Engineer: 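The structure follows.
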Amino acid sequence: MDDEQDRLLPVANVGRMMKKILPPTAKISKEAKQTMQECATEFISFVTGEASDKCQKENRKTVNGDDICWALISLGFDDHAEAMVRYLHKYRGAERERSTNQHIASGTDQGEESNHESKQPVEAPNNGVGFRVLDKGNSSSFTNPS
């Protein structure tokens with residue numbers, strides 16, 4: 001049982017997220033929290049496994065945010081992928097700004113380079129849905145031919 005618990009998300013965190021969505025007077029049973037804990041953990045494992053398979057085929061060892069977005073699309077979670085790309089874009093912009101501010105404070109200039117930027121468009125196989133996170137974090141675009 002310890003091995004099972006080690007791979008699951010912390011139930012307290014899952015419960016906190018569930019509480020944020022519900023009205024303040026709502027109560028959540030222990031069983032509901034545990035069920036959601038197992039479902040969320042399984043979903044994360046499912047998506048990450050798909051992204052990892054892609055990386056292995058490309059002889060890469062590191063799964064990045066673009067790989068997760070690609071996996072979401074390839075598994076049919078297009079709406080989630082769109083939200084994730086928006087988040088990834090904002091995250092990369094914040095990281096770039098933080099890095100720039102650190103370099104300004106330390107008196108060095110890094111320029112426009114960042115390890116978090118993607119230059120390769122990501123496309124899902126077979127379903128015609130794709131997206132592209134442009135380098136330098138200037139914009140994201142989605143294409144859906146349907």
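Keep in mind that this is a model prediction, so the values were computed, not measured. All heavy atoms count here, side chains included; hydrogens, waters and symmetry mates do not.
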Engineer: Could you tell me which non-hydrogen atom of Met84 sits nearest to which non-hydrogen atom of Cys69, and how far apart they are?
Structural biologist: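 Heavy atoms of Met84 and Cys69 come nearest at CG-SG, 3.3 Å.
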Engineer: Show your working on side-chain contact (heavy atoms from CB on, under 4.5 Å) between Lys33 and Lys19 and close with a plain yes or no.
Structural biologist: CA-CA 10 Å; Lys33 290 177 190 176; Lys19 250 188 158 174; over 6 Å; no
Engineer: Show the numbers, then the answer: is there a side-chain contact (heavy atoms from CB on, under 4.5 Å) between Asp78 and Leu72?
Structural biologist: CA-CA 6 Å; Asp78 300 355; Leu72 286 167; over 6 Å; no
Engineer: Between Asp67 and Thr62, what is the shortest heavy-atom contact and its length?
Structural biologist: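 In terms of heavy atoms, the two residues are closest at OD2-O, 3.7 Å.
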Engineer: Does one hydrophobic cluster hold both Val47 and Tyr87, with members joined at side-chain heavy-atom distances below 4.5 Å?
Structural biologist: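 Yes, Val47 and Tyr87 fall within the same hydrophobic cluster.
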Engineer: Can you see which heavy atom on Gln37 is nearest to which on Val14, and at what distance?
Structural biologist: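 Closest heavy-atom pair between Gln37 and Val14: N-CG1, 3.9 Å.
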Engineer: Just do the salt bridge (charged side-chain N to carboxylate O under 4.0 Å, His left out) check on Asp66 and Lys54 with the steps written out, would you?
Structural biologist: CA-CA 11 Å; Asp66 294 321; Lys54 176 184 186 279; over 6 Å; no
Engineer: Answer with yes or no whether the side chains of Asn13 and Arg16 bring together a donor and an acceptor at under 3.5 Å.
Structural biologist: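 Checked: Arg16/Asn13 side chains pair up, N/O donor to acceptor below 3.5 Å.
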Engineer: Atom CZ of residue position Phe43 - does it have more than 12 heavy atoms of other residues, nucleotides or ligands inside 6.0 Å?
Structural biologist: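 Yes, enclosed.
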Engineer: Spell out, as yes or no, whether a donor-acceptor pair under 3.5 Å connects the side chain of Ser99 to the backbone of Arg96.
Structural biologist: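 Side chain of Ser99 to backbone of Arg96, a donor-acceptor pair under 3.5 Å: no, none is there.
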Engineer: Do other residues, nucleotides or ligands put more than 12 heavy atoms under 6.0 Å from the CE atom of Met18?
Structural biologist: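 Enclosed.
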Engineer: Quick check for you: to the nearest 0.5 Å, what is the distance between Ile21 atom CD1 and Ile28 atom CD1?
Structural biologist: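 Result: 10.0 Å between the selected atoms.
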Engineer: Once rounded to the nearest 0.5 Å, what's the spacing between atom OG of Ser52 and atom NZ of Lys61?
Structural biologist: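 So the OG of Ser52 and the NZ of Lys61 are separated by 12.5 Å.
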Engineer: Is the shortest side-chain N to carboxylate O distance from Glu95 to Arg98 below 4.0 Å?
Structural biologist: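 Yes, this pair counts.
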Engineer: Report the distance from atom CG of Leu88 to atom CG of Asn64, rounding to the nearest 0.5 Å.
Structural biologist: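 Nearest 0.5 Å value for the CG-CG distance: 8.0 Å.
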Engineer: Given side-chain contact (heavy atoms from CB on, under 4.5 Å), test Ile44 with Leu9 step by step and report yes or no.
Structural biologist: CA-CA 10 Å; Ile44 291 168; Leu9 295 169; 3.9 Å; yes
Engineer: Please confirm whether the backbone N or O of His103 pairs with a side-chain atom of Ser106, one donor and one acceptor, at under 3.5 Å?
Structural biologist: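 Present.
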Engineer: So which atom in Ala71 and which in Ala51 form the shortest heavy-atom distance, rounded to 0.1 Å?
Structural biologist: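 Shortest heavy-atom separation between Ala71 and Ala51 comes out as CB-N, 3.7 Å.
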Engineer: Just wondering, do Ser74 and Glu50 contact through their side chains at under 4.5 Å, heavy atoms?
Structural biologist: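 Yes. Closest side-chain heavy atoms under 4.5 Å.
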Engineer: Assess whether atom CD of Glu97 is packed by more than 12 heavy atoms of other residues, nucleotides or ligands within 6.0 Å.
Structural biologist: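 Incorrect, the count does not exceed 12.
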